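Take a look at the structure set out below.
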Number of protein chains: 2
Amino acid sequence: MSDERALKDVLYQEFARIGKCLSSPKRLEILDLLSQSPKSVEGIAKNTGMTVANVSQHLQTLHNARLVNFKKQGNFVFYELADSTVSDFMTTFHNLSEKQLVQVQQIKKEFLNNNFEMDGLSLPELKKRMDNGEVLLLDVRPREEYEEAHIPDAVSIPIEELEEKLSSLPANIDVVAYCRGPYCLISVDAVELLKSKGINAFRLEKSVKDWMQFINQES
Amino acid sequence: MSDERALKDVLYQEFARIGKCLSSPKRLEILDLLSQSPKSVEGIAKNTGMTVANVSQHLQTLHNARLVNFKKQGNFVFYELADSTVSDFMTTFHNLSEKQLVQVQQIKKEFLNNNFEMDGLSLPELKKRMDNGEVLLLDVRPREEYEEAHIPDAVSIPIEELEEKLSSLPANIDVVAYCRGPYCLISVDAVELLKSKGINAFRLEKSVKDWMQFINQES
DNA sequence: CAACTATTCAATTGTTTTATTGAATAGTTA
DNA sequence: TAACTATTCAATAAAACAATTGAATAGTTG
């Protein structure tokens, strides 16, 4: 019977190895970043404001739990999620987190005191409006991520290039900007900029992943 | 732009609060226990081999992350999972864990060097055999859990009572014992005991929760 | 009201984890 | 081959955590 205790201890220790990966804010951020596209260590470091060595250590932890893999490309080491299971799991984790932590919603509202008109916009509705030529969909993420995957018919204008390319936008049409999902604020900045230039702009909270799921459901 | 950093930091810190709950083997064990049925602090302590104060502290952590709730009943405080979302999430978590940690499989095999013949037994098949009177299904968990929920037509014989009730079992029929799922070893002990008494016994890896899911799918 | 129970709280200890620094490695380019 | 780059490794200091103990609380029973 104390055999059972011993087994359980070992077993739950193994499970906790994965749990531990989710216990650090920075590691969660890394996982979310990687669920967008594979990235180099330095890329992650820049994106998260951590030192390279620190990122490397976190990636090691994630690798030990088999949550991420890496492939060497020239001088760079590109990390990616080990498996689509991991990405699905992260989605589930976010769902749970959001549901449980009411505070998260409040925090979001406090920071994003912008317009929320598009937040509830469903993807089928977006599709309809795009098909009717009513809106222009803008992907404001870095170009690599756009190239990795994007919502069909979306135009890639990374946030840095947005200001200079303003004039090339068609006039008299609503613009919808999206980035990596509800917790990424690139599109918020984009909408802010567009509005300050008198363009009717909205933020789409959804991500490419959401779009994929939507498409898979439809077919 | 450093506003964005600040928001992310706060946000991911909130997410990590849930993650931290999953980073301790003992807390995972508690969550699994509670996904079976609500339990008192002392009940959990006995079941996990921890001190009461220690369990209480872990439960507080879980409660802070809104993963568990409690209700007072007389002198006792009964804890339960906050939500079916939490229980679903734990299932997902186990799926991921098992998939990623190949070692877990190995550990299981090493310890459970018993028969695995029933492990792959699908629930519809079990149902068919039971309907045909080919097997007797035994629920060897503590009686409270049986009373909380059990697989229909299963007979409750808690492991402690099994030896004395051996004679009351019908002869010449295969016995299938189940408990809380693949990581609970009560049924392993039961099968061991039954076999030592010359009874043809098998272990079912599935749990009541699995049965519920199976039934819901069917209807 | 007093004795008793289950649980929680608070303080302490030893252990783990995190971020940081600077050096080491491996792969690339001139 | 030498200089350079991206990444990892190793050592450290600071912070967070887990388990333990014993006391405090709240609710129940005689």
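No experiment lies behind these values; they were computed from the predicted model shown. Chain A is the first sequence line, chain B the second, and so forth, proteins listed ahead of strands; every chain is numbered from 1.
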Worked verdict on A:K26 versus B:D9 for salt bridge (Lys or Arg N to Asp or Glu O under 4.0 Å): CA-CA 8 Å; A:K26 293 298 187 185; B:D9 283 349; 3.6 Å; yes
For atom CG of B:N64 and atom P of D:dA18, their distance in whole Å: 12 Å
Test ring pair (Phe, Tyr, Trp, His ring centres under 6.0 Å) applied to A:Y79 and A:H63, step by step: CA-CA 9 Å; A:Y79 279 85; A:H63 183 66; 7.1 Å; no
Donor + acceptor pair across side chains of B:D210, B:S207 (<3.5 Å): yes
Over 12 foreign heavy atoms within 6.0 Å of NZ, A:K165: yes
A:Q73 CD to C:dA26 C1', straight-line distance once rounded to whole Å: 16 Å
Donor-acceptor side-chain pairing of A:K39 and A:S37 below 3.5 angstrom: yes
A:H58 side chain near C:dA19 phosphate (N/O to OP1/OP2, under 4.0 Å): yes
A:D139 versus A:Y178, side-chain donor and acceptor atoms under 3.5 Å: yes
Between P of D:dA18 and CD of A:Q13, the distance in whole Å: 13 Å
For B:E163, salt bridge (Lys or Arg N to Asp or Glu O under 4.0 Å) partners two or more places apart: B:K197
Distance-only side-chain donor-acceptor flag, B:R203 / B:S187, under 3.5 Å: yes
Distance, rounded to the nearest Å, where A:D9 contributes CG and D:dA18 contributes P: 15 Å
Sugar-phosphate, base or nothing in reach of B:K72, heavy atoms under 4.0 Å: nothing
Atom pair distance, as rounded to whole Å: CD1 in A:I44 and P in C:dA19: 14 Å
Footprint string (nucleotides 5-11 of chain C, 5' to 3'): B base within contact, S backbone only, - free, heavy atoms under 4.0 Å: BSSBB--
Strand contacts (DNA chain C) in residues 21-38 of chain B, 4.0 angstrom heavy-atom criterion: none
